[in-house]
Amino acid sequence: MSRPLVIVESPAKAKTISKFLGTAFDVRASVGHVADLPSKGLSIDVDNGFKPTYELTDRGKQVVKDLKVLMKDASELYLATDEDREGEAISWHLLEYLKPKVPVKRMVFHEITKSAIEHAVNNPRGLDYGLVDAAETRRLLDRLYGYEVSPVLWRRVNRGLSAGRVQSPSIRLIVERERERIAFVTAGYWDIELLTATRPSFTAALVLLDGTKVAAGKDFTPDGRAKKNVVVVDEARARAVAAAFATAEFSVRSVEEKPYRSTPKAPFMTSTLQQEGGRKLRLSASQVMRVAQGLYERGYITYMRTDNVVLSAEALAAVRSEVGKTYGAKFLSSGPRQYSSKIKNAQEAHEAIRPSTPLRSPDALAGELNGQELSLYRMIWQRTLASQMADASGTTVSVRLGAVTTVAGTPTDAEFAASGTTITFPGYRQVYVESVDESDASDDEREALLPPLTVGAVIPVASLTPNGHSTSPPARYTEASLIKRLEELGIGRPSTWASIIQTVQVDGRPMPNSSNRLISDASV
DNA sequence: CAGTGAGCGAGCTTCCGCTTGACTT
C-alpha cells in the first residue's frame, strides 16, 4: 500500500510521531546530516563562486539507500526536519540525493503533540532556500576559516593543532582570563565583625569609619589599589578600633525595610541544563548530555538540544494542574508565565527541556531510573514546575548600628551594617532555587535573621572581631561558566557546547591540579 | 665493494553542526 513517507532528524522523534500519525504514514529518520564536505581537502572551489563539493557521510550512504527503497512505494514525501538553519539544509540534501518523483512537502512543528503534528501535516510549505543558503554559507565559512588557519598553527606552533570560528574565541576567553589572573595584584584589608548579644544574635560588618566607606573586596582595582573615597583598614587599625569599641555603646541608627520579591527562572534549555547540571549535580556538560539523551530516548523528557524556553500549550496546562494539585492554588502564578529566550540568534526549533506528558513525578520513576538519571530528571521536573509557580515574597531588613568612642586619643565614629531577609511566602522556592557560580556570589552580603529593632535602641555587643582578608583574582572558567559566556556571545550551538569543552582542553582531558577549572596552553 | 647517511619528496594533521550507535578500554 502506497503511503506518505515522513522524514525527521531523530529516530526517537520518528517513533513518537509515528504513534500520532498511525499506519497511514511511514515515519523515518535521517539521523542528522546525511551529506557534508569531505574531511580531506578544502572541497570549496574558491575561484568559481565558492562552489562546494558535498558527499554522503558514511551513515548518510546507508540512510539514503534505505530511504530510496522506501521512496519507491511512497505516495508523497514530507520533509519534517527541524525548522532551523541546519534542518532546512538536511531537507535540501535529502531532496538532492533522493530525487523524488512524487509530490514533496516541507512540514514543520515546534512541539511533538498530536495536535501540533496533525496541524503540520495539513499545513505544509515549500523549502526555504534562504535558510538553506544561510546554512551552506555557515558551513563554507567554517571550513575556509578552519582549514586555512589551522595549517598556520602546524607550521608555527605544533602539528595537529587547530583553529576555528568557535574554538579559537573560546580559547581566547580562557587565555584572557588567565592573563587577568596573572596580572592581578592581591590587596590585603581588614574588617571588623560585630556580634550582638541580642536574641537572636546577629553579626554586622564595619562599613563606615568617620563617615568614610571601609574598603572591602569590591573596592580594589585588579592592580591592587583601593578605589577613591574609601579607607583601607590595616591590621593595626582594625585591632585598635575593635579594642576601643569593645566597651562603646552601640545604638540603632537606621532600620530600612524593603519588600523582597523573587521570580522563578525560565524552564531549561541546553545551556542552562548543562550549567545547573554542573553546579548542582557536579556533572560535566557531556555527562549531562549523555544522561539527558537516555531520558529522551526512553520518552521521559523532551528533546535535550534546544535553545527555546517555551512550553507547549499542552505541557503548560499539565504543569499548572500538577502545581495546583501538589502545592495548592496559592502556589500557582496568577496567570501562565510566558518566557522568551534572551539569546541572540535563537532558532527555537524545539520546546524547552521538560518532563514529557503525561507528567510523572520523580518519586514515581525512582524504580525505573538510575541515580544520575533520576537526579537530572528531578532537577528538570523541579525547574519546570517552579517556572509556573508564584513569586517568593517577604521582607528585607537593613540595619545600621553606630557608636562613637576615642581611638588613640581621637574621637572616632564607627558604623556597622547587617541585613536579613525573611521569606513570608516561599512560592516557587518551595520547589527549586537556582544555584550560582561561586565567583558570582557576593561574600560581603551576609544574610542574618534579625530581631525586631527600632531606631535609637541600644544594642548590647558580645564581641568585636578583627578579620584579615585579601582580594582574589577573577576565577577561572568552569565548564558551566564558559558555556554561559559562549552562549551570551552567540558562539556555538546546543549540539556543540559539550564537545567544545573537550576540544579546547589539552588531550581533551581536564588539566591536572586545576580543580576542573579550564586553563589552556594553546595560543590561538 | 659495501655500508652509511645526507637529501629530497610525499603524505598527514584541520573546521562546525546535525544525529546515534559501534567501537574500545
Side-chain angles (χ1 to χ4, degrees), chain A residues 7-15 28-44 46 50 52-54 56-64 66-67 79-94 131-132 134-171 270 286 289-298 303-307 345 347 349-350 486-487 490-504 508-509 522 524:
Chain A
I7 306 177
V8 298
E9 290 181 36
S10 151
K13 198 191 271 187
K15 242 166 97 185
R28 303 286 166 151
S30 76
V31 201
H33 274 292
V34 293
D36 192 14
L37 301 174
S39 70
K40 221 170 273 174
L42 203 58
S43 305
I44 300 171
V46 177
F50 295 90
T53 305
Y54 294 102
L56 287 170
T57 61
D58 283 349
R59 192 186 19 232
K61 280 182 200 138
Q62 189 59 47
V63 167
V64 165
D66 294 345
L67 290 173
L79 297 168
T81 53
D82 298 349
E83 191 179 28
D84 54 23
R85 205 190 297 138
E86 300 296 323
E88 211 69 15
I90 293 171
S91 277
W92 175 62
H93 276 138
L94 286 170
L131 266 182
V132 172
E136 181 162 76
T137 307
R138 195 280 305 155
R139 181 69 189 92
L140 300 195
L141 283 173
D142 283 341
R143 169 55 64 88
L144 288 168
Y145 184 107
Y147 273 35
E148 299 288 357
V149 179
S150 294
V152 178
L153 295 181
W154 304 342
R155 289 196 301 274
R156 311 245 348 203
V157 186
N158 219 335
R159 56 169 286 133
L161 288 178
S162 61
R165 172 179 57 83
V166 168
Q167 57 169 303
S168 297
S170 303
I171 288 187
T270 304
S286 53
M289 294 313 281
R290 196 175 325 118
V291 176
Q293 176 89 25
L295 290 171
Y296 164 69
E297 282 174 7
R298 285 179 294 153
Y303 197 57
M304 63 283 155
R305 288 183 279 266
T306 175
D307 54 13
N345 308 325
Q347 301 194 30
H350 304 92
L486 290 174
E487 183 179 53
I491 297 172
R493 297 279 305 140
S495 64
T496 59
W497 283 312
S499 61
I500 291 165
I501 301 289
Q502 317 299 320
T503 305
V504 301
R509 273 186 229 100
V524 184

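So that the names make sense, note that chain A is the first sequence line, chain B the second, and so on, each numbered from 1.
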5'-most contact on DNA chain B: A:L144 or A:D82, nearest heavy atom basis?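 Going by which nucleotide is closer to the 5' end, it is A:L144.
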Which residue, A:T57 or A:E297, contacts DNA chain B at a nucleotide closer to its 5' end, judged by nearest heavy atom?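 On the 5' side of the pair lies A:T57.
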Any N or O donor-acceptor pair under 3.5 Å from the base of B:dT14 to the side chain of A:R143?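 Side chain to base: no pair below 3.5 Å.
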Is any N or O donor-acceptor pair between the side chain of A:R59 and the base of B:dT19 shorter than 3.5 Å?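 For A:R59, whose side chain was compared with the base of B:dT19, there is a donor-acceptor pair (under 3.5 Å).
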Nearest-Å distance, [atom1] ([X]) to [atom2] ([N])?
{"X": "A:R290", "N": "B:dT19", "atom1": "CZ", "atom2": "P", "value": "18 Å"}
{"X": "A:L42", "N": "B:dC16", "atom1": "CG", "atom2": "P", "value": "14 Å"}
{"X": "A:D36", "N": "B:dT19", "atom1": "CG", "atom2": "P", "value": "14 Å"}
{"X": "A:N158", "N": "B:dC12", "atom1": "CG", "atom2": "P", "value": "20 Å"}
{"X": "A:I90", "N": "B:dT20", "atom1": "CD1", "atom2": "C1'", "value": "13 Å"}
{"X": "A:Q293", "N": "B:dA22", "atom1": "CD", "atom2": "P", "value": "14 Å"}
{"X": "A:H350", "N": "B:dC18", "atom1": "NE2", "atom2": "P", "value": "9 Å"}
{"X": "A:Y54", "N": "B:dG17", "atom1": "OH", "atom2": "C1'", "value": "12 Å"}

Would you check if the side chain of [X] reaches a backbone N or O of [Y] as a donor-acceptor pair within less than 3.5 Å?
{"X": "A:S150", "Y": "A:G146", "answer": "yes"}
{"X": "A:T81", "Y": "A:G87", "answer": "yes"}
{"X": "A:S43", "Y": "A:S39", "answer": "no"}

Output the single nucleotide from [options] whose closest atom is nearest the side chain of [X].
{"X": "A:R138", "options": "B:dT13, B:dT19, B:dC16", "value": "B:dC16"}
{"X": "A:R139", "options": "B:dT14, B:dC18, B:dC16", "value": "B:dC16"}
{"X": "A:S495", "options": "B:dC12, B:dT20, B:dC18", "value": "B:dC18"}

Base, sugar-phosphate or nothing for [X]? Non-hydrogen atoms, less than 4.0 Å.
{"X": "A:S30", "result": "nothing"}
{"X": "A:R493", "result": "sugar-phosphate"}
{"X": "A:E148", "result": "nothing"}
{"X": "A:R85", "result": "nothing"}
{"X": "A:R165", "result": "sugar-phosphate"}

Below 4.0 angstrom, N of the basic side chain to O of the carboxylate: do A:D82 and A:K13 qualify?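 Looking at A:K13 together with A:D82, the answer is yes, because their closest N to O distance falls below 4.0 Å.
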Can you see which heavy atom on A:L144 is nearest to which on A:L42, and at what distance?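 Taking A:L144 first and A:L42 second, the nearest heavy atoms are CD2-CD2, 3.9 Å.
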Would you please determine if the base of B:dT13 is stacked by A:W154, with stacking meaning a centroid separation under 5.5 angstrom and planes under 30 degrees?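 Stacking between A:W154 and B:dT13: present.
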Would you say [X] reaches [N]'s phosphate, i.e. side-chain N/O to OP1/OP2 under 4.0 Å?
{"X": "A:R28", "N": "B:dT19", "answer": "no"}
{"X": "A:T496", "N": "B:dG17", "answer": "yes"}
{"X": "A:Y145", "N": "B:dT14", "answer": "no"}
{"X": "A:S10", "N": "B:dT19", "answer": "no"}

Hey, are the side chains of A:P38 and A:Y54 touching, using non-hydrogen atoms and a 4.5 Å cut-off?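 When only atoms from C-beta onward are counted, A:Y54 and A:P38 do not touch, as no gap falls below 4.5 Å.
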